[in-house]
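The structure is given below, and queries will be raised subsequently.
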Amino acid sequence: MAKKKNKQPKMKKTDDHLTLQDTLNQDILLKLKQTQQQLKDEEESKKLKEAERKREERRQKEKNKSFEELLNESSMDWKKYKQ
């Protein structure tokens with residue numbers, strides 16, 4: 001007959017056996033994730049502000065165009081309507 005081998009289950013870490021190092025690593029990881037999310041939010045906010053600034057700049061530029069500039073940018077051929 002074959003001998004039965006006694007297999008001992010490997011010990012897993014439980015909440016009771018957590019060391020200070022384990023909890024510090026979790027705290028550090030949590031802080032890093034929060035910092036990462038905060039940086040993403042700030043970057044998105046900067047992008048939105050920059051897009052708004054560019055829209056306002058284009059609007060002001062369009063508002064200040066002279067009639068000649070508007071006429072030159074027009075795709076219509078004004079010579080057809082000339083009599």
Side-chain angles (χ1 to χ4, degrees):
M1 289 186 119
K3 292 183 180 178
K4 292 184 180 179
K5 294 183 180 180
N6 291 336
K7 292 185 180 179
Q8 295 179 353
K10 294 182 180 179
M11 293 182 64
K12 296 182 181 179
K13 289 186 179 180
T14 62
D15 290 337
D16 297 335
H17 300 304
L18 288 177
T19 63
L20 181 60
Q21 182 182 6
D22 294 334
T23 57
L24 282 178
N25 287 339
Q26 290 174 359
D27 290 341
I28 292 171
L29 183 62
L30 181 62
K31 286 180 183 179
L32 287 173
K33 285 183 179 182
Q34 289 174 346
T35 304
Q36 182 183 22
Q37 184 63 38
Q38 183 181 12
L39 289 173
K40 283 181 182 180
D41 293 343
E42 288 175 4
E43 184 178 338
E44 188 170 331
S45 175
K46 284 180 184 179
K47 285 181 182 180
L48 290 174
K49 286 180 183 179
E50 181 66 20
E52 180 64 32
R53 186 189 63 80
K54 285 182 179 182
R55 272 194 299 259
E56 182 64 24
E57 199 173 275
R58 274 188 261 123
R59 188 183 71 76
Q60 287 295 329
K61 187 176 180 182
E62 185 73 26
K63 182 180 173 183
N64 294 331
K65 284 187 180 179
S66 68
F67 181 74
E68 181 182 4
E69 291 171 324
L70 293 172
L71 188 61
N72 289 335
E73 289 178 2
S74 174
S75 62
M76 297 180 76
D77 186 12
W78 293 99
K79 293 178 183 178
K80 290 182 184 178
Y81 303 103
K82 192 175 183 181
Q83 294 182 6

Could you grab the distance from atom CG of Leu30 to atom CG of Asn25, nearest 0.5 Å is fine?
->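 One gets 12.5 Å once the value is rounded to the nearest 0.5 Å.
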Return each pair, listed once, that meets salt bridge (charged side-chain N to carboxylate O under 4.0 Å, His left out) where at least one residue sits in residues 60-76; pairs must be two or more places apart or across chains.
->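 Of all non-adjacent pairs touching residues 60-76, those that pass salt bridge (charged side-chain N to carboxylate O under 4.0 Å, His left out) are Glu62-Lys65, Lys65-Glu73.
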Can you tell if the side chain of Leu39 reaches within under 4.5 Å of the side chain of Glu42, non-hydrogen atoms only?
->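 SC-SC contact between Leu39 and Glu42 confirmed.
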Hey, are the side chains of Arg53 and Lys49 touching, using non-hydrogen atoms and a 4.5 Å cut-off?
->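 Not in contact.
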Taking only residues two or more places apart in sequence, or in another chain, which ones meet Glu56 in a side chain to side chain contact (heavy atoms under 4.5 Å, CB included)?
->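 Applying side chain to side chain contact (heavy atoms under 4.5 Å, CB included) to Glu56 gives Arg59, Gln60.
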Report yes or no: does Ser45 contribute a side-chain atom to a donor-acceptor pair with the main-chain N or O of Asp41 at less than 3.5 Å?
->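 A pair under 3.5 Å: no.
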Pairwise distance CD(Glu50) to CD(Glu52) - rounded to 0.5 angstrom =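 Answer rounded to 0.5 Å: 11.0 Å.
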Which value, rounded to the nearest 0.5 Å, describes the distance between Thr35 atom OG1 and Lys40 atom NZ?
->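 Spacing of OG1 (Thr35) from NZ (Lys40) equals 12.5 Å.
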Please report the C-alpha distance between Glu43 and Lys46 in whole Å, then the side-chain angles of each, then the deciding distance to 0.1 Å, and finally whether the salt bridge (Lys or Arg N to Asp or Glu O under 4.0 Å) criterion is met.
-> CA-CA 5 Å; Glu43 184 178 338; Lys46 284 180 184 179; over 6 Å; no
